[in-house]
> 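One structure coming up, written as structure tokens, with questions to follow.
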Amino acid sequence: GWHQTTNNSFYLWKPIPPSPDFVAVGMVGTTTDEEPPLTAVRCVNKGFLKQIPPKEKFKKIWDNAGTGGKKGSLWTLGMLSMLIGTEGHDAPAGEFFEPKADKFVAGAAFALSVPAEGQDAQRQRAPTLTVLSDNRRAAGP
């Protein structure tokens, strides 16, 4: 991931979903180089999402212009105002997703949760939520 080191360090982690059927919505920022916990990010099945049209505008909320070091910037996009970071000062490139609807209700059989330590993930009815990191792929359902 990208990081900026000054008096206060900032690390930006890009989630890696467990399979192509899932999307991590946004990124996670930390102030240490320690990998964020599993509970810091959620992966959502693409069936609940729609692709944000490429023409939709990103909103830049920060860049490090004038501070020196490696160029970086933070942006928001979509109805969730998801956080997206990128190297450089240009808007991020790629596919981005948001919920198909602004409201939905999940039934009792639909549970998105990280299995407790020692709990068998295969017993879950819903996908296991996963974490991110540089080039490591999180464990899947």
Side-chain angles (χ1 to χ4, degrees), residues 1-54 56-141:
W2 178 89
H3 80 276
Q4 174 75 31
T5 303
T6 60
N7 291 340
N8 299 310
S9 292
F10 180 71
Y11 297 83
L12 195 57
W13 301 81
K14 182 178 180 182
I16 299 174
S19 81
D21 297 329
F22 292 86
V23 173
V25 183
M27 300 178 98
V28 177
T30 65
T31 56
T32 71
D33 63 355
E34 185 176 321
E35 186 174 298
L38 288 171
T39 56
V41 68
R42 300 292 185 260
C43 292
V44 180
N45 187 290
K46 282 185 179 176
F48 293 105
L49 305 172
K50 64 182 177 184
Q51 187 174 356
I52 298 174
E56 186 162 332
K57 301 289 185 205
F58 285 89
K59 179 181 176 187
K60 186 188 286 187
I61 59 172
W62 177 86
D63 71 35
N64 67 339
T67 64
K70 192 175 192 178
K71 291 181 180 180
S73 53
L74 297 176
W75 304 76
T76 60
L77 178 68
M79 72 169 69
L80 299 176
S81 294
M82 72 181 122
L83 175 68
I84 302 167
T86 188
E87 289 186 34
H89 296 155
D90 295 328
E95 292 183 323
F96 299 95
F97 296 84
E98 66 184 356
K100 285 182 178 177
D102 59 355
K103 295 180 186 177
F104 69 91
V105 177
F110 185 84
L112 292 178
S113 62
V114 177
E117 201 167 312
Q119 182 179 357
D120 182 2
Q122 297 302 320
R123 291 185 289 163
Q124 296 291 321
R125 291 185 178 192
T128 305
L129 301 178
T130 57
V131 161
L132 44 130
S133 192
D134 298 325
N135 293 319
R136 289 171 274 173
R137 182 162 301 277

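These values consider heavy atoms only, across backbone and side chains, with no hydrogens, waters or symmetry-generated copies.
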> To the closest 0.5 Å, what do you measure between CD (Gln51) and CZ (Phe96)?
10.0 Å
> Of all the heavy-atom pairs spanning Pro17 and Cys43, show the shortest one and how long it is.
CA-SG, 3.9 Å
> Output the distance between atom CE (Met82) and atom CZ (Phe58), rounded to the nearest 0.5 Å.
7.5 Å
> Distance check, rounded to the nearest 0.5 Å: Glu98 atom CD versus Leu49 atom CG?
9.0 Å
> Is the count of non-hydrogen atoms from other residues, nucleotides or ligands lying under 6.0 Å from Glu34 atom CD greater than 12?
no
> How close do Pro99 and Leu80 get, heavy atom to heavy atom, and via which atoms?
CD-CD1, 3.7 Å
> Between Asp63 and Ser73, which heavy-atom pair has the shortest distance, and what is it?
CB-CB, 3.7 Å
> For Val41 and Met27: C-alpha separation, side-chain torsions, deciding distance, then whether side chain to side chain contact (heavy atoms under 4.5 Å, CB included) applies.
CA-CA 8 Å; Val41 68; Met27 300 178 98; over 6 Å; no
> Under a plain distance cut-off of 3.5 Å, with no hydrogens placed, do Thr30 and Trp13 share a side-chain donor-acceptor pair?
yes
> Determine the minimum heavy-atom distance between Asn64 and Lys70, stating which atoms define it.
ND2-O, 2.6 Å
> Backbone N or O of Asp90 within a donor-acceptor pair of the Lys71 side chain at under 3.5 Å?
no
> Are any of the side-chain heavy atoms of Ile84 and Lys14 separated by less than 4.5 Å?
no
> Got a second to check how far Lys60's NZ is from Thr86's OG1, nearest 0.5 Å?
10.5 Å
> Do you know the tightest heavy-atom contact between Val28 and Ala40?
CG2-O, 3.5 Å
> If you measure from CE on Met79 to NZ on Lys50, what distance do you get to the nearest 0.5 Å?
4.5 Å
